[in-house]
Protein chains: 2
Amino acid sequence: MDIPNRVIGRLSAYRRHLRRWLSEGREQVYSHDLATQEGITPAQVRRDLMTIGYTGSPARGYDVHGLLTRIGELLDPRPDEGIILIGAGRLGRAMLDYLAAQHPEYPVRAAIDNDPELVGRVIHGCRCHADGDLEDIIRDEQVTIGIVAVPADSAQDVADRLVRAGIRGLLNFAPVRLRVPAGVYTQDLDIAVSLEKVAFLARGQAKAQETHE
Amino acid sequence: MDIPNRVIGRLSAYRRHLRRWLSEGREQVYSHDLATQEGITPAQVRRDLMTIGYTGSPARGYDVHGLLTRIGELLDPRPDEGIILIGAGRLGRAMLDYLAAQHPEYPVRAAIDNDPELVGRVIHGCRCHADGDLEDIIRDEQVTIGIVAVPADSAQDVADRLVRAGIRGLLNFAPVRLRVPAGVYTQDLDIAVSLEKVAFLARGQAKAQETHE
DNA sequence: AGAACGTTGTGAATGAGTTCACAGACTAAG
DNA sequence: CTTAGTCTGTGAACTCATTCACAACGTTCT
Ligand SMILES: NC(=O)c1ccc[n+]([C@@H]2O[C@H](COP(=O)([O-])OP(=O)(O)OC[C@H]3O[C@@H](n4cnc5c(N)ncnc54)[C@H](O)[C@@H]3O)[C@@H](O)[C@H]2O)c1
Ligand SMILES: NC(=O)c1ccc[n+]([C@@H]2O[C@H](COP(=O)([O-])OP(=O)(O)OC[C@H]3O[C@@H](n4cnc5c(N)ncnc54)[C@H](O)[C@@H]3O)[C@@H](O)[C@H]2O)c1
């Protein structure tokens, strides 16, 4: 099965609304309910659900619980998919805190920082290790995803080491585009670029709005 | 002139390479230089520069300084475009720090938080105000852009107030899609969704990599 | 001067993503 | 049982973005 990138992002968003509705006791939803929440067309929602092979019923819509289960099969992390954070600076610590509080399904196995001040500290249940331990931790702790939150200068070096140690995916906050070999997936999340987009579009008369991505 | 969203993002990225090259004394670049850095095709770069009406010369490529100037005309913030941050929690403070250090061209005029502990404190040169001051600050300090870093529950309320006070653009970190009227531009930057994308794509065999957006 | 090379600018082709529009399906009401 | 109404599933149309491919051009070398 081949699910486009964009669709994954929307499924993740749908899931949040579905969870909320489920907790409110709602059992069915229509494509236009999800569409309204996300500011897209109902046709888009149906198309997305079609690509993951989930079908609803005319006149009753989609089953909230069933759809959540289906999306979960695709998106829920497997138990052997650990995360490692490189760079326990301000952004890195904010992420640790946020993930621990809001996303227990993504356990950060370890943090790495080259500041001796930080090494050995335990931040939100996550131990901070020295730079040199990176390779061992990835091999020993079933880590497949790396979050890169080091300064721009070091980001590519860090990424290279992670790749060599066998990482599968990277989420990068440093303002550089990481170069990785095929088979490793990188998502560069450049906040400064996003801010520049907002500033530009707020200046001229904007037409549309845009979600993450 | 109508510049697509995607192009703005790439221009912002090009600019970083151009600045680096300029500081290294380089005077011309070819489309393939920028393309290589960003992992895209040279044709895409030329197309982008075409849409902003910048032209190079065959055999010499583009003038680094001139191109930087041209992109700057489009992207550089105007002096009357102030920023306000709502929610001086962990992420908000990390942003304050980051913007102050790395992006002095985007001066954050004020922060707002409803935690009495934070109100009155000055964080990285930015004073934290009480919740109720929001409207006054926006009107008095030429603020056109809002950064939303409050919990998900409050995000839409905060956005509504910002919009009513006349904000033009929003950068939103809360995991909800903000609903704003036409004329206001919102960029939702959902880090959890990005992480879920990376996890999914790292699991199956990924093909491509993706930049922010 | 003329030829050879490498790059730009861009129309046209391709590709990806979104929306349209409607047949078929299901429900509820009469 | 039949009719009216609403929603799904989806082929086709459409829109937007990317890539191709090549003429035109500037530079350098002979
Ligand atoms: N703070 C923000 O809100 C923000 C926003 C956008 C982008 N970013 C980017 O995120 C990255 C981190 O930002 P930050 O504000 O947390 O910076 P920071 O300086 O607070 O933290 C960086 C941390 O990385 C560590 N580090 C440096 N080199 C390292 C290496 N080679 N190996 C391991 N650790 C190393 C440092 O010791 C420090 O603790 C930067 O690239 C920054 O541009 C930050
Ligand atoms: N920390 C991260 O790395 C991270 C990552 C992704 C998304 N987010 C999102 O960003 C937002 C902020 O995250 P955080 O980690 O900084 O949370 P936080 O709890 O540390 O900070 C939130 C701040 O907002 C303030 N606040 C709450 N309601 C307010 C209101 N109505 N008006 C003004 N201020 C108000 C609180 O006093 C607090 O200081 C959340 O929506 C979170 O989901 C955070």
Side-chain angles (χ1 to χ4, degrees), chain A residues 1-14 18 21 26-64 66-67 70-71 177 197 201 206-213, chain B residues 1-14 18 21 26-64 66-67 70-71 177 197 201 206-213:
Chain A
M1 188 189 323
D2 184 29
I3 303 178
N5 221 289
R6 300 273 187 91
V7 176
I8 297 296
R10 285 193 297 264
L11 290 174
S12 172
Y14 297 159
L18 292 169
W21 286 326
R26 188 163 179 185
E27 292 181 0
Q28 303 108 32
V29 283
Y30 297 120
S31 57
H32 66 247
D33 295 320
L34 284 165
T36 305
Q37 293 299 314
E38 286 299 304
I40 58 182
T41 64
Q44 174 95 81
V45 173
R46 294 202 296 277
R47 187 67 68 190
D48 287 344
L49 300 193
M50 201 177 99
T51 77
I52 62 167
Y54 191 81
T55 95
S57 109
R60 236 180 330 173
Y62 302 92
D63 178 60
V64 174
L67 181 50
R70 178 77 188 103
I71 298 178
R177 180 177 243 268
K197 277 198 206 175
L201 291 156
K207 316 178 273 224
Q209 70 184 119
E210 191 186 356
T211 312
H212 45 89
E213 73 171 295
Chain B
M1 186 189 322
D2 183 30
I3 304 177
N5 220 288
R6 302 272 188 90
V7 176
I8 297 296
R10 284 193 296 264
L11 290 174
S12 171
Y14 297 159
L18 292 169
W21 286 326
R26 187 164 179 183
E27 292 180 2
Q28 303 109 29
V29 283
Y30 297 119
S31 57
H32 66 247
D33 295 320
L34 284 164
T36 305
Q37 292 299 314
E38 286 299 304
I40 58 184
T41 64
Q44 173 96 82
V45 173
R46 295 202 297 275
R47 185 65 68 184
D48 287 342
L49 300 193
M50 201 176 101
T51 78
I52 64 168
Y54 192 82
T55 94
S57 106
R60 235 179 332 173
Y62 301 92
D63 178 60
V64 173
L67 181 50
R70 177 76 189 106
I71 297 178
R177 179 176 244 269
K197 276 199 206 173
L201 290 155
K207 320 179 269 227
Q209 70 183 114
E210 191 186 356
T211 312
H212 43 90
E213 59 169 309

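Quick note on labels: first sequence line is chain A, next is B, and so on, each numbered from 1. Reckoned from all heavy atoms, side chains included, excluding hydrogens, waters and symmetry mates.
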Provide, to the nearest angstrom, the distance between the NE2 atom belonging to H32(A) and the P atom belonging to dG5(D).
18 Å
So, S12(A) side chain and I8(A) main chain: donor-acceptor pair closer than 3.5 Å or not?
no
Estimated bend of the helix from dA1(C)-dT30(D) to dG30(C)-dC1(D) (axis per five terminal pairs, rounded to 10 degrees):
0°
Find the distance L34(A):CG to dT18(C):P and express it as a whole number of Å.
16 Å
For the pair made of CD1 in I40(B) and C1' in dG15(C), what is the distance, rounded to whole Å?
17 Å
Whole-Å distance between dA12(C) P and M50(B) CE?
12 Å
Of the listed nucleotides dT8(C), dC7(D), dT19(D), the one nearest the side chain of S31(B):
dT8(C)
Rounded distance in Å - OH (Y62(A)) to P (dC26(C))
14 Å
I want to check something: taking the side chain as every heavy atom from C-beta on, are D33(B) and R26(B) in contact at a cut-off of under 4.5 Å?
yes
Donor-acceptor contact below 3.5 Å, side chain R70(B) vs main chain I52(B):
yes
Write down the distance between CG (N5(B)) and C1' (dG17(C)), rounded to a whole number of angstrom.
15 Å
Among dG9(C), dT10(D), dC7(D), the nucleotide that comes nearest once only the side chain of R46(B) is considered
dG9(C)
Can a side chain N or O of Y30(A) be found less than 4.0 Å away from OP1 or OP2 on dG9(D)?
no
Any heavy-atom pair between the side chains of Y54(A) and D63(A) that's under 4.5 Å?
yes
Hey, is the main chain of D48(A) close enough, under 3.5 Å, to the side chain of R10(A) for a donor-acceptor pair?
no
Ignoring the backbone of P4(B), work out which of dC25(D), dA17(D), dA25(C) is nearest its side chain.
dA17(D)
Do L34(B) and W21(B) touch side chain to side chain, with heavy atoms closer than 4.5 Å?
yes
Just how far, in rounded Å, is P of dA17(D) from CD of Q44(B)?
10 Å
Please state whether the phosphate of dG9(D), meaning OP1 or OP2, lies under 4.0 angstrom from any side-chain nitrogen or oxygen of T55(A).
yes
Phosphate oxygens OP1/OP2 of dT8(C): is one of them under 4.0 Å from a side-chain N or O of R60(B)?
no
Return the nearest nucleotide to the side chain of T41(B); candidates are dG17(C), dT8(D), dT19(D).
dT19(D)
Please report, rounded to the nearest Å, how far the P atom of dT27(D) is from the CD atom of Q28(B).
10 Å
Side-chain atoms of A59(A) come closest, of dT6(D), dT8(D), dC20(C), to dT6(D)
Please report the interatomic distance CG(L67(A)) to CG(L18(A)), rounded to the nearest 0.5 Å.
5.0 Å
If you look at every strand shown and take non-hydrogen atoms under 4.0 Å, does R47(B) touch a base, only sugar-phosphate, or nothing?
base
Rounded to the nearest 0.5 angstrom, the CZ-OG1 distance for R46(A) and T41(A) is 8.0 Å
Residue-phosphate contact under 4.0 Å: R10(A) side-chain N/O, dT18(C) OP1/OP2
yes
